[in-house]
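Reading through the structure tokens given below for one structure.
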There are 2 protein chains.
Amino acid sequence: MKQFTVVIVDDHTLLSQAIQAMVNTFNKFVVLYTCKNGQELVDKFSHQENIPNIVLMDINMPIMNGVETTEWISKNHSKVNVLALSVEDEEFTILKMLKAGVAGYLLKDTEKDVLEKALIEIAENGFYHTKSVTTILMNSLSGNEVKEIDITDKERQFLKLSCTELTYKEIADQMCLSPKTIDNYRNSLFCKLNVKNRVGMVTYAIKNKIYTL
Amino acid sequence: MKQFTVVIVDDHTLLSQAIQAMVNTFNKFVVLYTCKNGQELVDKFSHQENIPNIVLMDINMPIMNGVETTEWISKNHSKVNVLALSVEDEEFTILKMLKAGVAGYLLKDTEKDVLEKALIEIAENGFYHTKSVTTILMNSLSGNEVKEIDITDKERQFLKLSCTELTYKEIADQMCLSPKTIDNYRNSLFCKLNVKNRVGMVTYAIKNKIYTL
DNA sequence: TATTTTTAAGGGGAAAACCCCTTTTTTAGT
DNA sequence: ACTAAAAAAGGGGTTTTCCCCTTAAAAATA
């Protein structure tokens with residue numbers, strides 16, 4: 001019987017080993033190897049190591065995250081299907097992964113059986129999506145797009161500093177700008193991010209991983 | 001050969017099932033059942049279900065978290081050893097768990113062999129601690145204590161609302177208090193949390209999981 | 001019972017944040 | 001070469017935040 005090959009990418013060794021053991025109990029699948037981050041996967045793929053049929057991908061990883069890695073796989077190894085495995089259920093994260101080209105998106109609180117089912121579907125049809133993920137995809141296509149907010153480099157830099165206890169005056173000094181220019185960035189960010197005050201900026205930046213605590 | 005019993009507490013079903021499968025491969029251990037959160041464990045323990053020798057505990061859980069659950073176990077079932085399994089490596093979180101009475105603290109990026117070793121040590125001696133965790137414990141005992149900040153209920157409530165885009169005036173209305181009273185809470189929190197402004201309060205609250213994004 | 005802590009509220013003032021507006025230069029896209 | 005967007009700076013004003021300091025009742029603790 002033909003077996004499908006799987007590679008697991010997750011920075012938490014214990015979890016990837018545990019998932020590996022679990023996937024190996026599915027008789028249609030076999031795990032080739034595991035990677036601690038996206039960079040490791042890129043290295044292995046580039047050196048013509050065994051290319052798997054499916055990649056089981058975590059999203060929050062250091063060095064090279066799940067979104068970047070999935071984009072790279074879609075470009076360079078389009079035959080490889082990516083199944084995202086994440087704790088995050090936020091719309092914009094899921095949408096990012098869908099755009100990057102994942103074949104499926106599972107939350108880490110799904111059942112063992114669902115994982116097996118998803119792997120089988122992906123191996124056979126190239127994709128598996130739950131109702132909730134499909135709904136998000138629909139909304140996105142029907143124009144209700146979760147708008148990708150584009151902030152400029154300077155705005156981003158200012159936004160990060162706004163998450164510290166510095167006053168705008170001190171931020172101006174650090175960025176070698178007039179407090180009035182800083183006021184412009186503050187104002188444009190309020191509009192772009194749709195927030196009312198500095199607290200809104202801070203929570204936005206943390207939520208969207210622009211600033212890390 | 002005598003086997004030790006294990007219960008796993010983790011809100012991510014897939015992970016707890018995977019860890020369960022892994023622990024079951026250790027021939028000295030057997031998993032009795034899993035719980036999605038602390039409340040579920042308290043329910044089962046209270047209804048005189050099988051009480052295990054060891055509890056494998058995640059920290060970030062909804063409803064009842066790892067710290068609260070460990071404290072409850074220490075009080076009501078002191079014979080049960082708790083092995084914490086977390087992604088967090090922040091000092092104050094580890095110290096909180098140590099104070100709550102864990103027998104061990106492992107990061108989720110440890111090896112399978114280390115988990116088995118830790119379980120064996122705990123089963124035999126009642127505790128297992130890595131060098132890094134021991135160092136934190138030492139610093140704590142030698143007076144360099146990571147000070148436990150005690151905020152009152154009202155301060156906590158105000159702190160949470162400060163993380164939203166409400167003005168202090170609006171927070172005062174919501175809490176049915178004079179803006180001047182709110183000003184008192186703000187001021188006392190600035191001192192207690194050692195912050196300079198509202199941004200400092202917000203980042204503190206998020207860091208310490210008083211406010212969830 | 002006495003003491004400390006918490007909760008509640010106020011007066012007054014300085015600093016920072018917020019919100020309009022306009023202008024100029026530089027940079028990037030069609 | 002033209003247009004749009006981004007970067008930089010200022011004028012002038014309101015609101016909010018921040019920081020003292022004082023008083024007093026209620027609640028927890030010794």
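When reading the values below, keep in mind they use all heavy atoms of this one structure, side chains included, and skip hydrogens, waters and symmetry mates. Throughout, protein chains are lettered first and strands after them, A, B, ... in sequence-line order, and every chain is numbered starting at 1.
- Each of B:D153 and B:N197 was assigned the nucleotide of DNA chain C with the nearest heavy atom; the assignment lying further toward the 5' end belongs to B:D153.
- Pairs passing the ring-ring contact (aromatic ring centres under 6.0 Å, His included) check and including a residue from residues 161-188 of chain B, sequence neighbours excluded, read B:F158-B:Y168.
- Listed by chain and residue number, nothing satisfies the salt bridge (Lys or Arg N to Asp or Glu O under 4.0 Å) test with A:E121 (two or more places apart in sequence, or in another chain).
- Judged as a side-chain contact (heavy atoms from CB on, under 4.5 Å), and not counting sequence neighbours, the contacts of B:N208 are B:F92, B:Y204, B:I210.
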Sugar-phosphate or base contact per nucleotide [nucleotides 21-30 of chain C; S, B, -; heavy atom under 4.0 Å]: ----------

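- In this view, B:E165 satisfies the salt bridge (Lys or Arg N to Asp or Glu O under 4.0 Å) rule with no residue, not counting sequence neighbours.
- Around atom CG of A:D153, no more than 12 heavy atoms belonging to other residues, nucleotides or ligands sit under 6.0 Å away.
- Among the atoms of the strands shown, base atoms are found under 4.0 Å from some heavy atom of A:K180.
- The salt bridge (Lys or Arg N to Asp or Glu O under 4.0 Å) test applied to A:K75 returns no partner, not counting sequence neighbours.
- Residues in residues 31-71 of chain B take part in these ring-ring contact (aromatic ring centres under 6.0 Å, His included) pairs, two or more places apart or across chains: B:F45-B:H77.
- Across all strands, B:T181 comes closer than 4.0 Å to base atoms (heavy-atom distances).
- Protein chain B touches strand DNA chain D; the 5'-most and 3'-most nucleotides with an atom under 4.0 angstrom of its non-hydrogen atoms are D:dT17 to D:dC19.
- Here A:K169 pairs with nothing under the side-chain hydrogen bond (donor to acceptor under 3.5 Å, both in side chains) rule; sequence neighbours left out.
- Partners of B:F190 according to the side-chain contact (heavy atoms from CB on, under 4.5 Å) rule, which considers only residues two or more places apart in sequence or in another chain, are B:R186, B:V195, B:M201.
- Residues satisfying the salt bridge (Lys or Arg N to Asp or Glu O under 4.0 Å) criterion with A:K207, sequence neighbours excluded, are absent altogether.
- Remark on the helix from C:dA2-D:dT29 to C:dA28-D:dT3: inter-end axis angle 70°, axes from five-pair C1' superpositions, rounded to 10°.
- Counting any heavy atom pair closer than 4.0 Å across all strands shown, A:R186 reaches a base atom.
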